[in-house]
Structures are given as structure tokens and as C-alpha cells.
Amino acid sequence: MEITNQASEKFKDKQTEVIDALLELLRLINALEQSIFERDSEINWKIRKKELTAAEIKNAFDNLWSDYREECKKIVEPRCTEKLLKKGYAQSFNNTPMYSYIDDPEDDCKGFFTMDSAKKAVVEFRFTKHSSVNFMHRFTLVPSGDKWLVDAFSYGTEQEGVWHRGHI
């Protein structure tokens, strides 16, 4: 993935620090989503094979979602601000994790790092996820002690040209 440093001269050297913190978070979320999807697939396989009762199905899905939320909480709480956490997390998963574009060599993902003050940095990703739609994700990070926390997440498409506030 190509990342363009659009920060003012004073902050250009912050790119690696900020991007590394963000990518670590996104990779952890991706790995968790993948493992939850695999568990979900196993449950659905057992349902198709008629190996589970209705009560066992409910219990399996309740445990799956409970585990997902608890594990995601462990990942996001130390890496996101309370403001962003209040918007929610672990609300969905899929066979292709939400942020899979960051490590997909076949996606044409481009990153943009912007920082004009010591109070915040913005990282935007533009990618296609192998479709004709040009998606956009924007992460705003703020310093907190010796680390960077994700403070806001927005998404949209280039065709629409509008940013929507979202949850991590």
C-alpha cells in the first residue's frame, strides 16, 4: 500500500508513528473478525447438518456475540478515545474483514497522512475492495501520553463525496 505524506513539514516525521499505531489496531480487528466468522461458519455448518437443537443454536450465537464484543473491547479500549468507543464496536463481521484492504496486495489501496498541528493526525484510505466503487475511510487520531488513539472514524465513497461518521 502506498502512503502519501501530506503533513506540514513540522510533522512529516510523525507519519510512521501514527500509521503504525493505526495499522496495528486495524490488523487486530481484522484477525478477530476472521476468527469470529470462522466460528459463525462452524455453527451454521452444524445447523445445516441438524446437529444442534434450537436452544443450542441460541446459546452458540449468544456466546459468539458475547465473545466477539469482549475480545473487541480488549483491542479497542486501549487504542481509541471514549468519544469513539461510545459510538460502538463489534457490531458486525463478514468473511472479508472490514479493514482487509490494508493488507490486500490485489487492492489498489492508497493512504494519505495529514497532520497540521500536534493535536491531531488524519489518515485516509481509498480502496475498491475489488469492486467498481471507490471507498474511503478516514481515521482521526489524537495523542494521549506516549501513544496515538483513534478519536473518529468516517466512511464514504468517492462517487458520493460525503463523509459519514461511523463506529470502529
Side-chain angles (χ1 to χ4, degrees), residues 1 3 18-111 122-142 144 147-168:
M1 166 181 28
I3 297 179
V18 173
I19 296 282
D20 286 354
L22 177 59
L23 292 178
E24 176 188 30
L25 169 63
L26 300 183
R27 286 184 177 117
L28 289 168
I29 292 171
N30 283 348
L32 177 59
E33 274 193 52
Q34 186 63 44
S35 71
I36 292 297
F37 179 78
E38 289 168 7
R39 283 181 54 193
D40 179 72
S41 296
E42 290 172 20
I43 294 167
N44 284 308
W45 176 253
K46 289 179 180 182
I47 292 169
R48 284 191 297 278
K49 301 283 267 174
K50 301 186 186 308
E51 294 178 3
L52 300 174
T53 66
E56 289 172 328
I57 293 169
K58 180 185 180 328
N59 189 46
F61 284 124
D62 286 350
N63 288 339
L64 176 80
W65 280 99
S66 176
D67 291 349
Y68 183 33
R69 288 187 184 103
E70 188 58 38
E71 290 302 311
C72 194
K73 181 179 180 178
K74 290 177 189 174
I75 292 169
V76 298
E77 274 193 344
R79 295 173 178 87
C80 298
T81 64
E82 188 62 32
K83 175 182 130 188
L84 181 57
L85 293 173
K86 285 181 181 178
K87 293 192 170 288
Y89 50 87
Q91 295 182 6
S92 65
F93 59 87
N94 203 326
N95 65 331
T96 304
M98 175 81 162
Y99 310 112
S100 62
Y101 57 85
I102 63 171
D103 290 318
D104 184 345
E106 295 178 19
D107 198 317
D108 60 348
C109 180
K110 292 177 178 57
V122 175
V123 179
E124 286 184 21
F125 295 109
R126 294 175 185 256
F127 55 96
T128 61
K129 278 200 171 183
H130 309 286
S131 74
S132 60
V133 178
N134 295 315
F135 296 101
M136 307 180 302
H137 281 178
R138 176 188 291 163
F139 299 88
T140 302
L141 293 92
V142 296
S144 177
K147 61 184 177 177
W148 287 87
L149 302 178
V150 180
D151 187 52
F153 169 70
S154 302
Y155 63 92
T157 64
E158 287 185 7
Q159 291 84 344
E160 185 182 36
V162 176
W163 289 104
H164 305 279
R165 289 286 190 183
H167 59 82
I168 191 76

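The first residue in the sequence is number 1, and the count goes up from there.
- Classification of Lys46 and Glu56 as a salt-bridged pair fails, no side-chain N sitting under 4.0 Å from a carboxylate O.
- Side-chain contact between Thr128 and Asn134 is present, with heavy atoms from C-beta onward closer than 4.5 Å.
- With contacts defined as side-chain heavy-atom distances shorter than 4.5 Å, the pair Lys74/Leu32 does not qualify.
- The shortest distance between side-chain heavy atoms of Met136 and Glu158 falls below 4.5 Å.
- Using modelled atom types, one side-chain atom of Lys147 and one backbone atom of Pro78 make a donor-acceptor pair closer than 3.5 Å.
- A distance-only check finds no donor-acceptor pair linking the side chain of Asp151 to the backbone of Thr81 [under 3.5 Å].
- Glu42 and Arg39 are not joined by a salt bridge, as no carboxylate oxygen comes within less than 4.0 angstrom of a charged side-chain nitrogen.
- Contact annotation: the side chain of Thr96 never approaches that of Asp104 to less than 4.5 Å [non-hydrogen atoms, C-beta and beyond].
- With a 4.5 Å cut-off on side-chain heavy atoms, Tyr68 and Glu33 count as touching.
- Residues satisfying the ring pair (Phe, Tyr, Trp, His ring centres under 6.0 Å) test with Phe135, not counting sequence neighbours, are Phe127.
- How far CG of Leu64 is from CG of Asn59: 11.0 Å, rounded to the nearest 0.5 Å.
- Scored by the ring pair (Phe, Tyr, Trp, His ring centres under 6.0 Å) test, His167 finds no partners at all (sequence neighbours excluded).
- Here CG of Asp40 is found 11.0 Å from OG of Ser35. Values are rounded to the nearest 0.5 Å.
- Of the listed residues (Tyr155, Trp163, Phe125, Tyr101), just one forms a ring pair (Phe, Tyr, Trp, His ring centres under 6.0 Å) with His137, and that residue is Tyr101.
- What you find for Cys80 and Leu25 is that their closest heavy atoms are SG-CD2, 4.0 Å.
- The shortest non-hydrogen separation linking Ala152 to Lys83 is CB-NZ, 4.5 Å.
- Note that the CD atom of Glu77 and the CG atom of Leu84 stand 11.5 Å from one another [nearest 0.5 Å].
- From Ile168, atom CD1 reaches atom CZ of Phe139 across 5.0 Å, with rounding to the nearest 0.5 Å.
- Of all heavy-atom pairs between Val122 and Arg138, the closest is CG1-CG, 3.6 Å.
- Here the closest heavy-atom approach between residue Cys109 and residue Met1 is recorded as SG-SD, 3.5 Å.
- You'll find the side chain of Arg79 stays beyond 4.5 Å of the side chain of Val150, heavy atoms only.
- Put simply, the side chain of Ile43 reaches to within 4.5 Å of the side chain of Phe61, judged on heavy atoms.
- Atom-to-atom distance recorded for Asp62:CG and Ile57:CD1 is 11.5 Å, nearest 0.5 angstrom.
- The CD1 atom of Ile75 sits 10.0 Å away from atom CD of Glu24, with the distance rounded to the nearest 0.5 Å.
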